[in-house]
Trainee: 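The structure under discussion is supplied below as structure tokens; questions concerning it will follow.
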There are 2 protein chains.
Amino acid sequence: MRVGVSDQKLRTAVKSAKQAPRSDRRAQRADRTTDAAPMVNLKKLTGLAGYLIRQAQLWVFQDFNATLEPLDLRPVQYSILTIIGDNPGLSQMALSQILGIVRSGLVPLLDGLEGKGLIRRMPSASDRRSHALHLTAEGQHFLARADALVQEHEKRLIKKVGARGHKELLDILKVFGRR
Amino acid sequence: MRVGVSDQKLRTAVKSAKQAPRSDRRAQRADRTTDAAPMVNLKKLTGLAGYLIRQAQLWVFQDFNATLEPLDLRPVQYSILTIIGDNPGLSQMALSQILGIVRSGLVPLLDGLEGKGLIRRMPSASDRRSHALHLTAEGQHFLARADALVQEHEKRLIKKVGARGHKELLDILKVFGRR
DNA sequence: CGATATTGTTCATCTAGTGAACTGTTCGAG
DNA sequence: CTCGAACAGTTCACTAGATGAACAATATCG
């Protein structure tokens, strides 16, 4: 029943340089030709789209976090700001459904963004139970700065998969975009 | 610095049917035409490959978990069994690098698999500090059963993105496969 | 009007990841 | 050959994040 495999490890990407090219000795039957290659067979996994998607996602999050570090903004938070920006007045319920998280899990996220002065929970005119989410002026400025960095990130991704690959990717994966 | 956005929510996929098509009233400016569509603008996000990759990954994990539920096997565990199966004698250090997790985080995972009798930590002949990981006979049988289910899962994925899309996907994303 | 459902919130609980510290082992410079 | 440094695996305390249950305020509909 349990599920898991979370993304917490995705820190600022500095760790890439961590383990030095220490010749990687004894990585199974040492094959002192490529030096740093542990000689591992991953063919079966790399033939599964799910595995590659996972790997891609790890890269994306890592690069995203590294790029957005000056703003200390994580992917979910960026998504939230963007969605609210494009859909002012949205309710928390609607937002949580889009994000695919339970509504109780959204609360601390919004608390954080509201605490930074980026969003506001306004009273909804039509339904006093719900809150109408809006960006503050500061939130709009902040989001604009974030957008610029996200574009940088996207460029790095394009460089990684190629311009054509990127286009195809958007086309192929669009079936997973909710709504 | 923090990072996050984990995958824990990915349960058995039963929840899709949870909130009934209750006409989804008042999802912002109600537009009683499509009935169940909350009328949210996500264009900006769905133009970002990272967002779509994330969404795809959510779908994949959800479907994977639903499919593998009879075996109660999660993606990481399947990866571990597969990698060990294809690379018997691998050390925990090497495995943790492939998986991209810290070596201390690998311990409970291996404990679990070893507790189920699927793998064994054998003493390494060459280096008595490290363990040589192997599948047990039972582990091999188990992995074979898992493989069959994973193929089902992959078929569902192919149905989702199309045979051509699937091929292209493997091709585009292979740059993210480690090594 | 009154039963029922819904929104946002709090809370206890769970999973999983991290880094530091410790043990036993190996390596390599002198 | 020896001794200090590096390394594999493990434990442990801590953290982030997700979940479901329960609750108050409000809304809906018979």
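A, B, ... follow the sequence lines: proteins, then strands. Residue 1 opens every chain. Predicted model only: the values in this text are computed from it and were never measured.
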Trainee: What is the separation between atom CG on Leu109(A) and atom C1' on dA16(D), rounded to the nearest whole Å?
Mentor: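 Rounded to whole Å, this separation is 11 Å.
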Trainee: What is the separation between atom CZ on Arg103(B) and atom P on dT11(D), rounded to the nearest whole Å?
Mentor: 13 Å
Trainee: Without decimals, in angstroms, what is the distance between Asp111(A) CG and dA16(D) C1'?
Mentor: 15 Å
Trainee: Does dT26(C) have its OP1 or OP2 closer than 4.0 Å to a side-chain nitrogen or oxygen of Arg128(B)?
Mentor: yes
Trainee: So, using salt bridge (charged side-chain N to carboxylate O under 4.0 Å, His left out) as the criterion, who are the partners of Arg120(A) when residues are at least two apart?
Mentor: none
Trainee: Under the ring pair (Phe, Tyr, Trp, His ring centres under 6.0 Å) rule, collect the residues that match up with His153(B), sequence neighbours excluded.
Mentor: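 Ring pair (Phe, Tyr, Trp, His ring centres under 6.0 Å) check on His153(B) returns Phe64(B).
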Trainee: Tell me the interatomic distance from Ile119(A), atom CD1, to dG8(C), atom C1', rounded to whole angstroms.
Mentor: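 About 13 Å, once rounded to whole Å.
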Trainee: Atom CG of Leu106(B) and atom P of dG19(C): how far apart are they, to the nearest Å?
Mentor: 15 Å
Trainee: May I ask you to verify if any side-chain N or O of Gln92(A) is less than 4.0 angstrom from the OP1 or OP2 atom of dT6(C)?
Mentor: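 It does not, given that no N or O in the side chain of Gln92(A) lies less than 4.0 Å from OP1 or OP2 of dT6(C).
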Trainee: Dump the pairs, protein N or O against N or O of nucleotides 11-13 of chain C, anything under 3.5 Å, distances to one decimal.
Mentor:
none

Trainee: Which residues pass the ring pair (Phe, Tyr, Trp, His ring centres under 6.0 Å) test with Phe142(B), not counting sequence neighbours?
Mentor: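 If we apply the ring pair (Phe, Tyr, Trp, His ring centres under 6.0 Å) test to Phe142(B), skipping adjacent residues, there are no hits.
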Trainee: Please report, rounded to the nearest Å, how far the P atom of dG17(C) is from the CZ atom of Phe61(A).
Mentor: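 After rounding, the reported distance stands at 15 Å.
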Trainee: Tell me which pairs pass salt bridge (charged side-chain N to carboxylate O under 4.0 Å, His left out) where either residue lies in residues 84-100 of chain B, with sequence neighbours left out.
Mentor: none
Trainee: CG of Leu90(A) versus C1' of dG8(C): gap in Å, rounded?
Mentor: 14 Å
Trainee: Looking only at the side chain of Ser130(B) (C-beta and beyond, no hydrogens), which of the listed nucleotides dA8(D), dG8(C), dT18(C) gets closest?
Mentor: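 Given the options dA8(D), dG8(C), dT18(C), the side chain of Ser130(B) is closest to dA8(D).
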Trainee: Are the side chains of Ile98(A) and Asn87(A) in touch, meaning some heavy atoms are under 4.5 Å apart?
Mentor: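 In short, these two side chains do not touch, never coming nearer than 4.5 Å.
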Trainee: According to a strict under-4.0 Å criterion, is Arg121(A) in side-chain N/O contact with OP1 or OP2 of dT9(C)?
Mentor: yes
Trainee: Residues in salt bridge (charged side-chain N to carboxylate O under 4.0 Å, His left out) with Glu154(A), at least two apart?
Mentor: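 By the salt bridge (charged side-chain N to carboxylate O under 4.0 Å, His left out) rule, Glu154(A) matches no residue at all.
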Trainee: Rounded to whole angstroms, how far apart are CD on Gln97(B) and P on dC7(D)?
Mentor: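 Checked: the CD to P distance equals 11 Å.
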Trainee: Is there, by distance only and without an angle test, a donor paired with an acceptor across the side chain of Arg129(B) and the base of dG9(D) below 3.5 Å?
Mentor: no
Trainee: Walk me through it: do Asp63(A) and Lys160(A) pass the test salt bridge (Lys or Arg N to Asp or Glu O under 4.0 Å)?
Mentor: CA-CA 11 Å; Asp63(A) 188 80; Lys160(A) 187 87 175 169; over 6 Å; no
